[in-house]
Protein chains: 2
Amino acid sequence: MKRMPTPDHLLLDQQLCFALYAASRSITGLYRPLLEPMGLTYPQYLVMLVLWEQDDVTVRELGQRLQLDSGTLTPLLKRLQAAGLVSRQRRSDDERVVEIRLTPAGLALREQANDIPACLAQRLELSLDQMQRLRDELKQLTRHTQTPTIED
Amino acid sequence: MKRMPTPDHLLLDQQLCFALYAASRSITGLYRPLLEPMGLTYPQYLVMLVLWEQDDVTVRELGQRLQLDSGTLTPLLKRLQAAGLVSRQRRSDDERVVEIRLTPAGLALREQANDIPACLAQRLELSLDQMQRLRDELKQLTRHTQTPTIED
DNA sequence: CAAAATTAAATTGTGTACAATTAAAGTTTT
DNA sequence: AAAACTTTAATTGTACACAATTTAATTTTG
């Protein structure tokens, strides 16, 4: 019985998904040393980005923005709360909803984060143009991924 | 005291890293229903891709190929072993090294995996050209990420 | 208005990621 | 050859991800 060689389309190096997976983890790795002095992990940083942009959001809104569910966000937000960066409070007129707000320390942290994007852009040695194009292609891919092909 | 608006470069939508992170998880989500019938998670599928390409690799080689360390791989490989898809055996002439080999069931699974790439490509509605270009850009980004700027 | 359905978070359980440490095996140095 | 160093996995501990279930609150329906 002859052993067939792997067909091309199953080669690891052919996979767009692996390129994405590897690139994503690799870039996250570049953030780590920049975020560590701020006491943030990368997903926590993303939550802070949302809050710096719009303070006082619900867990649900955060989840929609970051594409994460409460199973991920609830413990993450508890850690940010424990770190004194956010407050978590149930909305008085709808007790189901939890509102997340920046504390003064959380707002102040934005100053420390200010240099991070430039620092990373420089590290990547990509032109602003290249970065924007790649970013927009990825956003389109994500959008397309989440648009069901057939809706009923 | 006036509250400054978030500078552009800290806006979530500006971040290449978030676009990557979101796209990666989003694509992985497309794989999930295809891999679930095979009893594989996405990282496990990546390990199988490597093994289908080259059977009998060490944990170290797997780690280099997938950019994962033994902390991730050891438990993952134990699960693949428990599923009867791979064997783990220390090399007799160097007991530090653990060799991973496909079982007949592991090799046979390749047939089931055969349609996955095409299935995904179709779902993404990207031309082969577009996919290749994006993939190669991401590979370059990863390569650059891992090349230290200054070496000593 | 009470029962049924819906919504929002939290919880539970499994499986990665990854830093840091440990343990064991092998290699190099003195 | 013994000590020092290096290499390879495994282990430990923390923090995501995400499916599935649960809980509590609100809304819709009969």
Side-chain angles (χ1 to χ4, degrees), chain A residues 17-18 20-33 35-36 39-48 57-83 86 88-100 146, chain B residues 17-18 20-33 35-36 39-48 57-64 66-83 85-86 88-100 146:
Chain A
C17 62
F18 175 62
L20 259 172
Y21 168 80
S24 177
R25 285 186 304 122
S26 209
I27 298 269
T28 302
L30 290 186
Y31 276 89
R32 207 165 287 121
L35 294 176
E36 201 238 60
L40 293 177
T41 65
Y42 179 68
Q44 288 168 9
Y45 172 65
L46 293 179
V47 167
M48 295 304 284
V57 293
T58 67
V59 172
R60 179 178 155 67
E61 286 163 347
L62 262 177
Q64 288 175 332
R65 203 75 202 291
L66 300 175
Q67 303 291 141
L68 293 170
D69 68 9
S70 66
T72 302
L73 286 174
T74 297
L76 187 157
L77 291 168
K78 282 181 178 175
R79 284 188 275 273
L80 287 180
Q81 182 181 35
V86 308
R88 297 163 62 241
Q89 192 175 335
R90 290 201 177 264
R91 185 178 287 170
S92 57
D93 66 342
D94 186 344
E95 292 274 342
R96 289 172 305 183
V97 177
V98 170
E99 290 176 329
I100 309 296
Q146 290 162 352
Chain B
C17 61
F18 175 62
L20 260 171
Y21 167 80
S24 177
R25 287 187 300 122
S26 208
I27 298 269
T28 302
L30 290 186
Y31 277 89
R32 207 164 289 123
L35 295 176
E36 201 239 60
L40 293 177
T41 64
Y42 179 68
Q44 289 168 8
Y45 171 66
L46 293 179
V47 167
M48 295 304 285
V57 294
T58 67
V59 172
R60 179 178 154 65
E61 286 163 345
L62 262 178
Q64 288 175 333
L66 300 174
Q67 304 290 141
L68 292 170
D69 68 10
S70 66
T72 301
L73 286 174
T74 297
L76 188 157
L77 291 168
K78 283 182 177 172
R79 281 179 210 110
L80 288 180
Q81 182 181 35
L85 299 175
V86 307
R88 296 162 63 240
Q89 192 175 336
R90 289 202 177 264
R91 183 178 287 172
S92 57
D93 66 343
D94 186 344
E95 292 273 342
R96 289 172 305 182
V97 176
V98 171
E99 290 176 329
I100 308 297
Q146 290 162 353

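Sequence lines set the chain letters: A, B, ... in the order given, protein chains first and strands last, and positions in each chain run from 1. Below, each value reflects all heavy atoms present in this structure, side chains not excepted, and no hydrogens, waters or symmetry copies.
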Practice prompt. Run the numbers on A/S26 and B/Q146 for side chain to side chain donor-acceptor pair (under 3.5 Å), then give the verdict.
Written response: CA-CA 7 Å; A/S26 209; B/Q146 290 162 353; 3.3 Å; yes

Item to complete: Go through the steps to decide whether A/V98 and A/Q89 satisfy the test side chain to side chain contact (heavy atoms under 4.5 Å, CB included), and finish with yes or no.
Response: CA-CA 5 Å; A/V98 170; A/Q89 192 175 335; over 6 Å; no

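Between the CZ atom of A/R91 and the P atom of C/dA8 there is a distance of 10 Å, given to the nearest Å. The CZ atom of B/R90 sits 10 Å away from the P atom of C/dA24 (whole-angstrom rounding). The nearest whole Å value for the distance from the CG atom in B/D93 to the P atom in C/dG26 is 8 Å. When rounded to the nearest whole Å, the span between CG of B/L62 and C1' of D/dT8 equals 13 Å. Whole-Å rounding puts the A/R60 CZ to D/dT26 P distance at 16 Å. Rounded to an integer number of Å, the gap from A/L40 CG to D/dA15 C1' is 13 Å. When rounded to the nearest whole Å, the span between CG of A/L77 and C1' of D/dC16 equals 13 Å. Rounded to a whole Å, the CZ atom of B/F18 is 14 Å from the C1' atom of D/dA17.
Counting heavy atoms from C-beta outward, B/T58 and B/I100 have side chains that stay 4.5 Å or more apart.
A donor-acceptor contact shorter than 3.5 Å is absent between the side chain of B/Q81 and the backbone of B/K78. Within the 3.5 Å criterion, the main-chain N or O of A/L68 finds no donor-acceptor partner in the side chain of A/T72. In this structure, the side chain of A/R90 engages the main chain of A/E95 through a donor-acceptor pair within 3.5 Å.
Residue A/V59 has its side chain nearest to C/dA9 when only D/dA25, C/dA9, D/dT8 are considered.
Using a 4.0 Å cut-off, some side-chain N or O of B/R88 falls inside it from OP1 or OP2 of D/dA10. Taking 4.0 angstrom as the limit, B/R96 places none of its side-chain polar atoms (N or O) nearer than this to OP1 or OP2 of C/dG26.
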Worksheet item: If the sugar-phosphate is the primed atoms plus P, OP1 and OP2 and the base is the rest, what is the B/S/- string for nucleotides 14-23 of chain C, using protein heavy atoms under 4.0 Å?
Response: -SBBBB----

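A/Y42 and A/Y31 have tilted rings, their planes meeting at an angle from 30° to 60° on a 0 to 90° scale.
Along DNA chain C, the nucleotide nearest A/K78 and the nucleotide nearest B/D94 are compared for position; the residue whose nucleotide lies closer to the 5' end is A/K78.
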